[in-house]
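Below is one structure, written out as structure tokens; the observations come after it.
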Amino acid sequence: MIDRLFGDLTRAGLAALAAFVLLLLVLPGFATGYILSVTTIILYLAFVGQAWNLMLGFAGLLSIGHALFMGIGAYASAYLFARHGLPPIVGLIVGGGLAVAVGAAISALAFRFAIGGVYFALLTIAFAEFTRIMVDHARFLGGTEGLFLPVSAESRQGFDLFHLRGRPEMFYYVIMLLCLGAHALCRWLLTSRAGYYWRAVRDNPQAAEALGVNIFRYRMYAVMVSSGMAATAGVFYAFFYNNLFPEQIFSVERSIEMTLAPIVGGVGTLFGPIFGAFVLTPLGEVLTWAIEWLQHEEIIGKQVKVDGVKLLFWGIAVAAIVLLQPRGLWPWACKRLGLIRAPEDREEGR
Amino acid sequence: MTESLLGIRDLDLYYGDAAALEDVAIDVPLGAIVCIVGANGAGKSSLIRTIQGIEKPRRGSIVFKGQDITGWPSHKVTDLGIGQVAEGRQIFAGLSVDENLEVGAFLPRGRAGKAAAKDRVYQMFPKLAERRGQIAGTMSGGEQQMLAIGRCLMGRPELVMFDEPSLGLAPAIVQEVFGIIEKLNAEGITVILVEQNVAVSLTLASSAYVLENGRIVLSGSGRELLHHEGVKQAYLGM
């Protein structure tokens with residue numbers, strides 16, 4: 001089992017992965033509140049990034065509407081908790097189920113009519129957009145005024161996993177386990193029949209068809225797994241931030257945000273989305289500091305608006321990576337550090 | 001009369017309102033090499049795709065090993081023992097050679113004898129064995145065609161349909177490919193061969209059909225067609 005899941009890693013790669021997991025486990029012991037909350041956000045982006053990467057990287061399906069699935073999970077769980085007092089596990093089942101069903105419906109629609117590539121991506125945007133407008137007008141979900149989860153000073157101190165009410169450390173551990181769980185799931189899927197079929201369909205649908213692969217069904221599976229994962233991230237998001245606005249949740253920016261970490265880290269790689277999140281977010285934070293410092297030192301005036309700078313910077317970073325390391329930073333780092341076996345000698349190791 | 005492995009009767013296939021195949025009837029005896037000859041767009045690939053279950057015929061029947069498989073989904077058809085080597089070296093470029101072969105063996109039929117089938121493929125194609133860890137897209141055209149054939153064999157087919165296996169390959173490699181087809185046939189695999197290289201394929205074929213505009217216009221033994229005036233003029237340039 002271990003060999004099947006981690007057979008592609010060298011000894012150094014395994015050691016690095018173990019060290020990484022260990023560091024994540026002990027981090028709350030010494031990290032400041034700030035570091036902890038940034039790491040929580042990183043892990044959240046790494047988690048949704050893996051969900052998105054499963055579709056594009058493994059199955060070759062580009063989604064630019066992943067906020068839809070994440071938002072369904074977020075709104076379903078928040079609604080059930082805020083209005084009916086039901087715990088997030090119920091929200092996860094309902095929201096996850098709903099997101100998977102919507103994912104299946106969109107893919108059935110698309111693949112039945114052979115909508116592929118960019119057109120499929122447009123379809124995902126369209127669904128995310130009209131869901132946003134629908135939620136805008138849904139009174140029971142708070143509409144444009146937003147949906148809020150009850151929080152008390154007391155609940156912020158606890159460790160109530162069942163209701164996901166508690167200290168920042170609790171949220172940190174929840175998303176850490178989700179992120180590592182997603183990583184294990186992706187590793188397992190990639191070596192299963194579905195994983196082989198996904199990559200076969202991604203590389204060459206015609207040849208996959210000739211081998212008897214049901215392209216329609218396997219593409220649909222990819223969308224369903226990915227949307228279920230994104231909905232899970234949505235449940236976490238809702239309970240972590242405690243407020244939901246359709247404008248924020250279903251926006252195209254949020255969908256694009258999910259794609260950045262895997263693009264930077266390496267689409268189609270297993271660890272790329274995690275690596276990408278750990279590179280991008282801290283860079284964004286450093287940039288924020290830098291601007292604050294420049295304003296503090298009055299090198300740039302306080303009246304200068306710098307709201308979009310982070311986005312601009314991320315845009316430049318993504319463009320640079322696409323141009324310089326199109327396969328992502330992670331494959332490049334692996335080659336440099338010897339963490340993954342070269343394909344040539346992988347078989348002997350198995 | 002030899003036992004029939006695959007029998008096709010009255011087959012019509014339409015793409016929308018356009019007929020791709022009309023009234024096609026073909027008989028593939030067990031252990032034969034049946035050649036299908038025709039110009040581009042005559043419906044050869046459509047026929048293969050219909051047999052495989054990828055296209056659904058409007059009318060007619062396809063019987064394989066005594067079972068009516070008309071309208072079956074392609075994974076069931078494949079699992080019953082029909083394999084296809086699609087046109088134009090269709091490999092999974094981003095996967096290693098070994099992973100390409102794995103994809104061919106996920107259906108129950110292939111799964112059952114996977115290890116043995118893989119040994120056999122590597123024995124048959126030593127070059128693939130040398131490169132089992134290599135990313136398939138980086139191999140030469142000939143090697144990719146061998147991989148496509150090997151991957152098809154991983155499903156342990158009884159009938160293999162070759163769609164233009166010599167397309168775009170160097171003459172020496174073409175010879176090799178035809179040699180492999182003969183060898184597979186000698187080992188008991190029944191073959192349907194669709195080829196532009198009419199002279200060679202008719203020499204190999206036990207029987208052959210000429211397809212024009214979706215209809216069978218001529219059939220006979222390979223030798224008969226090889227000496228048929230119409231075939232000579234249209235396909236052999238004589």
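Chain identifiers are assigned alphabetically (A, B, ...) following the order of the sequence lines, protein sequences preceding nucleic acid strands; residue numbering begins at 1 within each chain.
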Exercise for review: May I ask you to check whether A:Y197 and A:F58 place their ring centres under 6.0 Å from each other?
Suggested key: no
Practice item. Output the option from B:V85, B:I48, B:T78 having the highest count of non-hydrogen pairs under 4.5 Å with chain A. Key: B:T78
Check your understanding: Are the charged groups of B:D98 and B:K118 less than 4.0 angstrom apart, N to O?
Key -> yes
Practice item. Indicate the ring-plane relationship of A:F111 and A:F120, choosing parallel, tilted or perpendicular according to the 30° and 60° boundaries. Key: parallel
Exercise for review: Flag the one option from B:G94, B:G53, B:A148 with the top tally of heavy-atom pairs under 4.5 Å to chain A.
Suggested key: B:G94
Practice item. Please state whether the rings of A:H183 and A:F271 are parallel, tilted or perpendicular, taking 30° and 60° as the class boundaries. Key: perpendicular
Practice item. Output all residues satisfying salt bridge (Lys or Arg N to Asp or Glu O under 4.0 Å) with B:K56, sequence neighbours left out; order by chain, then residue number. Key: none
Check your understanding: Relative to chain A, which segment of B:R151 carries a heavy atom at a distance below 4.5 Å: side chain, backbone, both, or neither?
Key -> both
Review point. So which residues of residues 100-110 of chain B are in contact with chain A at a heavy-atom cut-off of under 4.5 Å?
Key: B:E102, B:V103, B:G104, B:F106, B:L107
**Study point:** Pair A:R199 + B:E99, salt bridge at N-O below 4.0 Å
**Key:** yes
Point to revise | Cationic N near anionic O, under 4.0 Å, B:R120 to B:E187 | key: yes
